[in-house]
Amino acid sequence: MQNIRNFVIIAHIDHGKSTLADRLLEVTKTVETRRMRAQYLDQLDLERERGITIKMTPVRMSYTLHDTRYTLNLIDTPGHSDFSYEVSRALNAVEGAILLVDATKGIQAQTLSNLRNAQKAGLKIVGAVNKIDVKGVHPEKTILALAELLNTDPESIFKVSGKTGEGVEDLLKEVIRVVPAPKSELKTGIGRALIFDSLYDEHKGILAYVRIIDGEFSAQELTDLIATKTQCRIKEVGSFMPQIQPVQKLSAGEIGYIATGFKEPSLVRIGDTVLNSGSSEIKNKYEYALPGYRDATPTVFISFYPDGNTKFEDLERAFSKLRLTDAALFLEPDANEALGRGMKVGLLGQLHFEITSARLSREFGLEFLTSFPSIAYKVKVDGVTKIIKEPHAFPDKADEIWEPMIDIEILVPQTYLQKVLSIQSTYVIDIAEIHNVGDNLLITGKMPLAELIRDFDDQLKSVSAGYASFSYELSGEKKTDAERLDILVMEEVVPALTRIVRKSDVTGDHINYGQEK
């Protein structure tokens, strides 16, 4: 294990993670130059079209430094806040992280969010400023800001160009030097692995993407999946080269895959612990379960209904397979008088919805209709509290109504501060404080989640000429005064058009949110 280094690249969206990953593949000769293409690790067509990473992607590389051969397991991660759950899982599978900042844009909101999560995971962080090749760019300010953020000397921040490759090999050497080698936790010979992602393969069944924590795993071994109380005989183990490639065994510290042979998606859970056959005599296997992951919390609920030639069973099967590669999806059956049976889907935001819809169309060839986005309210009626996810199920009268709140951080150049603050006339934002982060100002505060899905992102970009960025996370609930707004067509209520609105949106009255819970 001493010659293994596991690390991720984390950054704000569009700061060049995938391009840097391309250069690392070239430096380590993992991919031949003639086979190289832009965003090589981005496997989805959608990722290349949009120029963003949607799915974390692992790859195994080899590099010789000072006559020592190192195995380098890199996980390229998304940068958009909607896919922060992908990033969080990757952080728990590695020991180090490259924090990448675009020299032309500087530190942005997701830079701060990703850094905090990496620090919470106890990772060794290497700072790097990208795009130093851009004409007219002077990266000194960005270097100083990043050094201050990491509490380190500016000289320790690497200057790189993902486009030209300048500085990339020196950055890789630093990762080898400072990122600690993985350590095995058990001395008993029991093999344990953490499932951090999965994929459905028509021939091998479900592939569990794993970080081996202790012991070894090899083909034909009988293994236990703790959370689902399931046993499987491993069909194959392998590494990401970057395509999947079988190997004889996977040992402690390595990242790879286990082919389970399962065809049923519910049998493999993200965050589950796999125990090898050496654990067959253990009476209480739960004692060896790894911490796993906190479940993703959906922020937006949208119902999908089959349309055209698509049947409900097609939609249900597609979502089941899609959830293997997107553990953040929340799924439950739904029904509508006009549209029939469907699936209510919990998502992490507007972009997550757009990507999910596009994947259903492209990867599964489905046709479907969707409802308008909604959020979950907690409502007390006659002393009974329930969660309402569908606007048409919202009661006529309620004793108390609580809506989800978010902690929000907005990073903006000082020039645009007043314009950004002006959106308080349109959106309900409770600003807590404003302080400097380099040349920018960081605005922290709280706002109702419902405000976020009212095109907040577009409005923020509009008033700041695209320079402001934000990140958020759920932070409890607050009492609100909301009502159901029914829309009638031909004097008939159309449930699909029903909305939940605040009384102030209709009357203009000020809302007292009450005590936070």
Side-chain angles (χ1 to χ4, degrees), residues 84-85 227 269 271 292-305 319 323 327-337 339 341-350 352-353 370-408 427-430 432 445-454 456 472-487 493-507 509-517:
S84 57
Y85 186 60
R269 292 185 189 174
Y293 305 108
R294 183 177 59 184
D295 289 338
T297 303
T299 61
V300 177
F301 294 88
I302 298 176
S303 292
F304 288 70
Y305 301 97
F319 268 118
R323 199 175 189 279
L329 288 174
F330 168 86
L331 305 173
E332 65 179 26
D334 194 14
N336 181 284
E337 288 184 8
L339 301 175
R341 298 168 69 194
M343 296 292 295
K344 185 191 305 301
V345 183
L347 302 136
L348 301 182
Q350 182 64 29
H352 192 199
F353 162 64
T370 62
S371 65
F372 289 104
S374 63
I375 64 172
Y377 290 83
K378 186 160 71 176
V379 177
K380 182 184 286 187
V381 180
D382 297 330
V384 178
T385 301
K386 59 179 68 176
I387 302 298
I388 304 296
K389 298 174 184 175
E390 298 177 337
H392 66 80
F394 203 83
D396 293 327
K397 293 183 179 181
D399 303 328
E400 290 182 321
I401 303 168
W402 298 79
E403 67 177 340
M405 300 292 293
I406 59 172
D407 287 329
I408 188 167
Y427 296 92
V428 179
I429 307 176
D430 181 12
K446 290 182 178 293
M447 68 185 292
L449 176 60
E451 296 289 87
L452 190 68
I453 65 175
R454 290 200 304 119
F456 177 80
Y472 67 93
E473 59 182 26
L474 290 174
S475 62
E477 303 160 329
K478 274 193 175 181
K479 186 182 280 189
T480 187
D481 193 359
E483 289 186 333
R484 187 182 74 237
L485 174 65
D486 290 326
I487 297 177
V493 174
V494 181
L497 300 180
T498 298
R499 300 282 189 280
I500 303 302
V501 298
R502 295 190 188 87
K503 287 184 179 180
S504 65
D505 292 337
V506 179
T507 65
D509 294 336
H510 176 71
I511 298 175
N512 180 4
Y513 276 101
Q515 183 180 2
E516 184 174 359
K517 189 171 182 179

Exercise. Apply the test side-chain contact (heavy atoms from CB on, under 4.5 Å) to residues Ile302 and Val345: give CA-CA distance (whole Å), side-chain angles for both, the deciding distance (0.1 Å), then the verdict.
Key: CA-CA 5 Å; Ile302 298 176; Val345 183; 5.6 Å; no

Taking every non-hydrogen atom, the tightest pair across [X] and [Y]:
X      : Y      : answer
Val381 : Asp399 : C-OD2, 3.6 Å
Glu403 : Tyr377 : CB-CE2, 3.6 Å
Lys389 : Phe330 : NZ-CZ, 3.2 Å
Glu390 : Asp334 : OE2-OD1, 2.6 Å

[atom1] of [X] to [atom2] of [Y]: how many Å apart, nearest 0.5 Å?
X      : Y      : atom1 : atom2 : result
Ile401 : Lys479 : CD1   : NZ    : 10.0 Å
Lys378 : Lys478 : NZ    : NZ    : 14.5 Å
Glu332 : Ser303 : CD    : OG    : 8.5 Å
Ile429 : Met447 : CD1   : CE    : 4.5 Å
Ser371 : His392 : OG    : NE2   : 8.5 Å
Leu331 : Phe319 : CG    : CZ    : 6.5 Å

Would you say that [X] contacts [Y] through its side chain, given a criterion of any heavy-atom pair below 4.5 Å between the two side chains?
X      : Y      : result
Pro395 : Lys386 : no
Pro298 : Leu347 : no
Pro448 : Thr480 : no
Val300 : Gln350 : no
Trp402 : Thr385 : no
Lys344 : Phe301 : yes

Quiz item: With Arg269, which residues qualify under side chain to side chain contact (heavy atoms under 4.5 Å, CB included), at least two apart?
Solution: Ala227, Thr228, Asp272

Quiz prompt | CA sep, side-chain torsions, deciding dist, call: Leu329, His352, side-chain contact (heavy atoms from CB on, under 4.5 Å) | solution = CA-CA 9 Å; Leu329 288 174; His352 192 199; 3.9 Å; yes

Quiz item: For Phe372, which residues count as a ring-ring contact (aromatic ring centres under 6.0 Å, His included) partner, sequence neighbours excluded?
Solution: none

Self-check item: Residues that Tyr472 engages under ring-ring contact (aromatic ring centres under 6.0 Å, His included), provided they are two or more places apart
Solution: none

Quiz item: Should Asp396 and Arg484 count as an ion pair when the cut-off is N to O under 4.0 Å?
Solution: yes

Practice problem: Walk me through it: do Leu452 and Thr299 pass the test side-chain contact (heavy atoms from CB on, under 4.5 Å)? | Solution: CA-CA 10 Å; Leu452 190 68; Thr299 61; 5.9 Å; no

Quiz item: Can any side-chain N or O of Glu400 pair as donor or acceptor with the backbone N or O of Lys380 at less than 3.5 Å?
Solution: no

